[in-house]
Amino acid sequence: MEILSILKNKVISVVEILEKQEILPSGLNKSLITIEKPKDESFGELSTNVSMVLAKDAGIRPRDLAAKIVDILKEDEMISSTSIAGPGFINFRLYKKIWIKLVKKILEDGEKFGFKNIGENKKVNIEFVSANPTGPLHVGHTRGAIFGDVLANLLNNVGFVVTREYYINDAGTQIDSLARSAHSRYQEALGKEYNANENEYPGDYLKTVGQKLKEEFGEKLISIRDNNNLEKIKEYTVKIMIDEIKKDLSDLGVFMDSFVSESSLYKDGKVQEAIDQLTRLGLIYKGVLEKPKGSEDPDWVEREQDLFKSSMFGDDIDRPIKKIDGSWTYFAPDIAYHYDKIKRDYDEIIDIFGADHSGYTARMKAIVKALSEGKKDLKIKLCQLVKLYKDGKPVKMSKRAGTYITLGDLLNEVGKDSVRFLFLMRKNDAPLDFDFTKAIEQTKDNPVFYVQYANARICSILKRAKSLNIKINDEVLSTSDLNKLSTESEVSIMRKLSEWPNVIFFSVSRYEPHRIAFYLNELAQLFHSLQSLGKIDHSMKFLIEGDIQLTIARIALIRSIQIIIISGLKILGVNPIDEML
RNA sequence: GCACCGGUAGCUCAGCUGGAUAGAGCACCUGACUUCGAAUCAGGUGGUCGGGGGUUCGAAUCCCUCUCGGUGCGCCA
């Protein structure tokens with residue numbers, strides 16, 4: 001039951017009646033009509049812009065049109081009063097029974113309330129994190145991980161079949177360098193002196209890898225001249241790194257369905273296959289790129305290379321697929337990877353990138369359009385960078401220098417629930433300033449506690465009600481007489497509850513999970529406020545001695561609040577705890 | 001030079017594909033617990049929505065332009 005869309009349909013059908021009566025010209029564009037909550041509740045509970053939107057095409061002044069619409073609308077069984085205001089807004093209030101019906105519906109539906117089947121079992125692939133397996137995940141990856149995971153939860157809950165996928169960059173020079181770094185640590189474990197090499201990763205986490213290599217292989221792989229040995233070390237090290245990453249992700253509450261490895265794309269000939277396909281489509285040619293104008297690269301050499309015509313598909317320039325030594329660029333296996341995704345026949349392909357890859361989006365969209373021959377549209381969501389502060393000062397992070405805050409650090413010091421919620425209190429394309437110290441110390445300011453506390457409070461009220469032998473299961477509540485809910489605060493919170501389906505809809509259709517977090521915060525606020533009323537005026541308490549009907553009605557209300565808080569927190573991957581410590 | 005993202009209260013940020021007098025948290029000031037959890041609540045102070053044009057009944061929102069900040073721009077991934 002979505003009150004807003006029901007009312008919108010009612011408004012539209014009123015317009016259609018007026019069209020039929022030839023009071024309005026037929027065929028008016030009704031797509032801009034909206035039902036919304038006025039900023040100021042004194043205007044009314046809901047309002048519509050219908051008369052302003054249609055006035056021009058209908059050739060009638062907005063307020064006159066509003067009057068004609070109101071004449072019909074005021075007879076509606078849901079609408080208790082109407083008024084016309086401002087430039088032509090139609091404001092109206094609904095009968096209380098409508099809001100009470102809503103509460104009952106929430107109690108009937110439980111946590112699935114508000115989730116429509118938008119997806120209709122369409123297959124979605126959502127690729128995120130995809131960090132290079134050269135070290136542990138850091139805060140930047142964390143943001144993408146949370147964003148992707150919650151988006152996946154959302155899509156899953158509205159009827160999409162979601163695959164969470166991680167692309168492992170386990171090929172290329174970085175991985176070679178990782179293998180050499182691991183080899184150095186392996187030697188160190190075997191008693192040789194460790195000399196920091198400029199081209200190697202300095203992080204301490206590789207010490208463990210060295211130890212494990214020693215335990216696994218003894219001294220067998222000591223000679224790095226033997227290429228097979230280096231390959232073995234590479235394979236083993238990548239596996240350990242991926243295992244670490246999987247563990248960190250699972251501690252964060254993120255579980256991938258699928259891992260695709262870059263090296264397997266080479267092995268299976270998929271890179272060549274994808275490039276062949278592009279060649280067949282006539283989208284590869286030999287050409288020379290201009291040097292970027294502001295770039296201060298002194299080593300720039302103009303040369304002819306194999307280019308993909310990405311500018312045909314909205315990119316600024318064409319992109320090279322081969323390096324000077326004839327090997328593939330980073331772009332080439334990505335082409336193959338996305339070709340593979342296209343062939344796996346997903347209805348939607350979504351990539352979550354960090355902002356440092358923003359320059360990459362145009363060419364990736366281009367490749368998907370090209371290889372799907374215009375049928376698929378890659379959706380890319382960018383997560384802006386996370387700026388980390390400690391004691392109010394920015395923390396400089398460098399993988400090379402080995403100084404960075406890992407996901408593990410975050411989870412240890414801040415905790416999963418706080419990290420997830422705090423990261424979602426920012427929309428994805430705004431940069432995120434995260435003060436480590438603040439997140440740990442000032443837990444009172446942390447919105448996740450605020451929302452969890454609301455749930456905990458509701459839990460204790462329900463517990464108390466139970467101890468008073470009041471039947472409070474949802475079925476009983478939903479079939480009880482709830483007409484005693486009548487104060488302005490109560491009705492106002494019911495109106496808030498009615499927004500939940502809309503919040504979900506916008507979060508899904510615009511890929512903006514932060515809306516859920518903000519909504520939960522607002523809902524919790526209304527609840528805390530409602531509960532506090534009972535402190536001043538005891539007749540406003542939830543459990544009223546001697547008035548069982550009122551008590552049950554109020555329990556039904558707070559239980560429906562709780563259902564939505566729990567449902568929302570689950571989407572965010574945050575624990576709806578029953579008791580605060 | 002070009003591309004993408006941002007600029008909203010002292011600070012951190014929302015603003016629902018154009019709606020009415022621009023919101024929240026923190027900070028600051030004033031109040032509220034012998035009762036269902038004070039990790040809470042009520043009230044107050046605080047704004048040139050970066051600047052300037054345009055589109056229209058109506059702009060923080062859409063278009064143009066300028067400006068500041070972030071990120072990126074073949075032979076790294």
Side-chain angles (χ1 to χ4, degrees), chain A residues 32 34 36-40 43 47 49 52-53 55-56 61-62 85-89 91 132 134 169 171-175 177 262 289-295 297 299-303 305 307 315-317 319-320 322-325 327 329-331 333-334 354-362 382 384-385 387 425-427 429-433 435 438 442-447 449-450 452-454 456-465 499 502-503 505-507 509-510 512 514-515 518-519 521-522 525 528-536 538 541-543 554 558 579-581:
Chain A
L32 294 175
T34 58
E36 48 202 276
K37 203 183 74 171
K39 286 220 168 93
D40 188 336
F43 288 131
S47 72
N49 61 358
M52 277 113 67
V53 172
K56 199 173 185 184
R61 282 187 306 187
F89 285 103
N91 299 315
N132 294 344
T134 53
N169 292 112
T173 52
Q174 285 203 8
I175 295 296
S177 155
E262 181 186 356
L289 283 182
E290 272 177 51
K291 181 180 174 180
K293 276 185 181 152
S295 155
D297 185 352
D299 298 330
W300 180 277
V301 184
E302 271 201 4
R303 68 178 186 91
Q305 53 195 149
L307 299 174
D315 199 359
D316 305 324
I317 56 168
R319 303 291 176 175
K322 271 189 180 171
K323 297 182 200 169
I324 196 159
D325 64 359
S327 63
T329 60
Y330 175 68
F331 188 34
D334 252 355
D356 51 345
H357 285 61
S358 63
Y360 221 66
T361 58
L382 290 178
Q384 281 298 323
L385 304 180
K387 251 194 253 165
M425 282 301 283
R426 206 108 313 159
K427 100 188 139 193
D429 44 12
L432 169 60
D433 286 352
D435 193 318
K438 225 174 166 182
Q442 299 192 349
T443 52
K444 277 169 94 173
D445 301 341
N446 192 329
F449 291 103
Y450 188 78
Q452 285 177 319
Y453 184 42
R457 277 178 142 182
I458 292 171
C459 281
S460 28
I461 295 156
L462 296 179
K463 214 179 285 172
R464 191 176 158 84
E499 293 170 28
N502 257 50
V503 171
F505 180 77
F506 278 108
S507 302
S509 56
R510 299 170 69 161
E512 291 179 347
H514 71 279
R515 291 171 188 279
F518 278 92
Y519 174 81
N521 210 28
E522 288 159 12
Q525 186 170 24
H528 285 308
S529 171
L530 185 65
Q531 178 165 36
S532 292
L533 289 179
K535 287 196 180 299
I536 301 149
H538 289 191
K541 296 184 136 219
F542 298 122
L543 310 176
R554 287 185 175 165
I558 64 170
E579 274 182 335
M580 310 292 283
L581 296 172

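Reckoned from all heavy atoms, side chains included, excluding hydrogens, waters and symmetry mates. Letters A, B, ... are given to chains in the order of the sequence lines, protein chains preceding strands, and every chain is numbered from 1.
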Quick one: [X] [atom1] to [N] [atom2], roughly how many Å, whole number?
| X | N | atom1 | atom2 | result |
| --- | --- | --- | --- | --- |
| Arg426(A) | G25(B) | CZ | C1' | 10 Å |
| Glu512(A) | U61(B) | CD | C1' | 13 Å |
| His528(A) | G25(B) | NE2 | P | 12 Å |
| Asn446(A) | U40(B) | CG | P | 11 Å |
| Lys387(A) | C11(B) | NZ | P | 14 Å |
| Met425(A) | A24(B) | CE | P | 14 Å |

Same-atom distance ([atom1]) from [N] to [M], integer angstrom:
| N | M | atom1 | result |
| --- | --- | --- | --- |
| G43(B) | U61(B) | P | 30 Å |
| G18(B) | G58(B) | P | 16 Å |
| A14(B) | G25(B) | C1' | 10 Å |
| G46(B) | A9(B) | C1' | 6 Å |
| U48(B) | G7(B) | C1' | 14 Å |
| C28(B) | G70(B) | P | 31 Å |
| C13(B) | C57(B) | P | 37 Å |
| A42(B) | C33(B) | P | 15 Å |

Next item on the list: Evaluate the ring planes of Phe331(A) and Tyr360(A), with Trp represented by its six-membered ring, and classify them as parallel (under 30°), tilted (30 to 60°) or perpendicular (over 60°).
Entry: perpendicular

Which listed nucleotide ([options]) is nearest to the side chain of [X]?
| X | options | value |
| --- | --- | --- |
| Ser358(A) | C4(B), U56(B), G19(B) | C4(B) |
| Gln174(A) | C76(B), C13(B), A20(B) | C76(B) |
| Tyr330(A) | A77(B), C16(B), A39(B) | A77(B) |
| Met580(A) | G37(B), G74(B), C76(B) | G37(B) |
| Pro292(A) | C73(B), C41(B), C5(B) | C73(B) |
| Phe518(A) | C13(B), C4(B), A3(B) | C13(B) |
| Asp356(A) | G72(B), A14(B), A77(B) | G72(B) |
| Phe43(A) | A77(B), G37(B), A20(B) | A20(B) |
| Asp429(A) | U40(B), G74(B), C5(B) | C5(B) |

May I ask you to evaluate whether [X] reaches the phosphate of [N], defined as a side-chain N or O under 4.0 Å from OP1 or OP2?
| X | N | value |
| --- | --- | --- |
| Gln525(A) | G25(B) | yes |
| His514(A) | G15(B) | yes |
| Arg464(A) | G37(B) | no |
| Ser529(A) | A42(B) | yes |
| Ser460(A) | G37(B) | yes |
| Tyr453(A) | A39(B) | yes |
| Lys427(A) | G15(B) | yes |
| Tyr450(A) | C41(B) | yes |
| Thr173(A) | A77(B) | yes |

Check: Start at the 5' end of RNA chain B and walk down; is the nucleotide closest to Asp433(A) or to Tyr360(A) reached first?
Finding: Asp433(A)

Notebook entry, point to check: Which sits closer to the 5' end of RNA chain B, Arg515(A) or Lys535(A), going by the nucleotide each is nearest to?
Noted result: Arg515(A)

Next item on the list: Look at all strands and tell whether Gln452(A) reaches a base, only sugar-phosphate, or nothing, counting heavy atoms closer than 4.0 Å.
Entry: nothing

Next item on the list: Show the numbers, then the answer: is there a side chain to side chain contact (heavy atoms under 4.5 Å, CB included) between Glu579(A) and Lys463(A)?
Entry: CA-CA 11 Å; Glu579(A) 274 182 335; Lys463(A) 214 179 285 172; 3.5 Å; yes

Next item on the list: Would you check if there is a donor-acceptor pair between the side chains of Ser327(A) and Asp325(A) at a distance under 3.5 Å?
Entry: yes

Next item on the list: Check whether the side chain of Ser532(A) and the base of A42(B) form a donor-acceptor pair under 3.5 Å.
Entry: no

Next item on the list: Can you check whether any acceptor in the base of A20(B) is under 3.5 Å from a donor in the side chain of Asn91(A), or vice versa?
Entry: yes

Check: For Phe89(A) and A20(B), do the ring centres fall under 5.5 Å apart while the planes stay under 30° apart?
Finding: yes

Which base sits across from [N] as a Watson-Crick or G-U pair, both distances under 3.5 Å?
| N | value |
| --- | --- |
| A24(B) | U12(B) |
| A3(B) | U71(B) |
| A42(B) | U30(B) |
| G19(B) | C57(B) |
| C76(B) | none |

Checklist line | More than 12 heavy atoms from other groups under 6.0 Å of CZ on Arg61(A) | finding: no

Checklist line | Pair Glu512(A) + Lys427(A): basic N to acidic O under 4.0 Å | finding: no

Next item on the list: Kindly give the heavy-atom pair with the smallest separation between Tyr450(A) and His528(A), and that separation in Å.
Entry: O-NE2, 3.1 Å

Checklist line | Heavy-atom closest pair, residues Ile558(A) and Ile458(A) | finding: O-CD1, 3.6 Å

Check: So, do Phe89(A) and Pro62(A) sit near enough that their side-chain heavy atoms are less than 4.5 Å apart?
Finding: no

Notebook entry, point to check: Would Gln305(A) and Leu289(A) count as a side chain to side chain contact (heavy atoms under 4.5 Å, CB included) if you check the C-alpha gap in whole Å, the side-chain angles of each, and the deciding distance to 0.1 Å?
Noted result: CA-CA 8 Å; Gln305(A) 53 195 149; Leu289(A) 283 182; 3.9 Å; yes

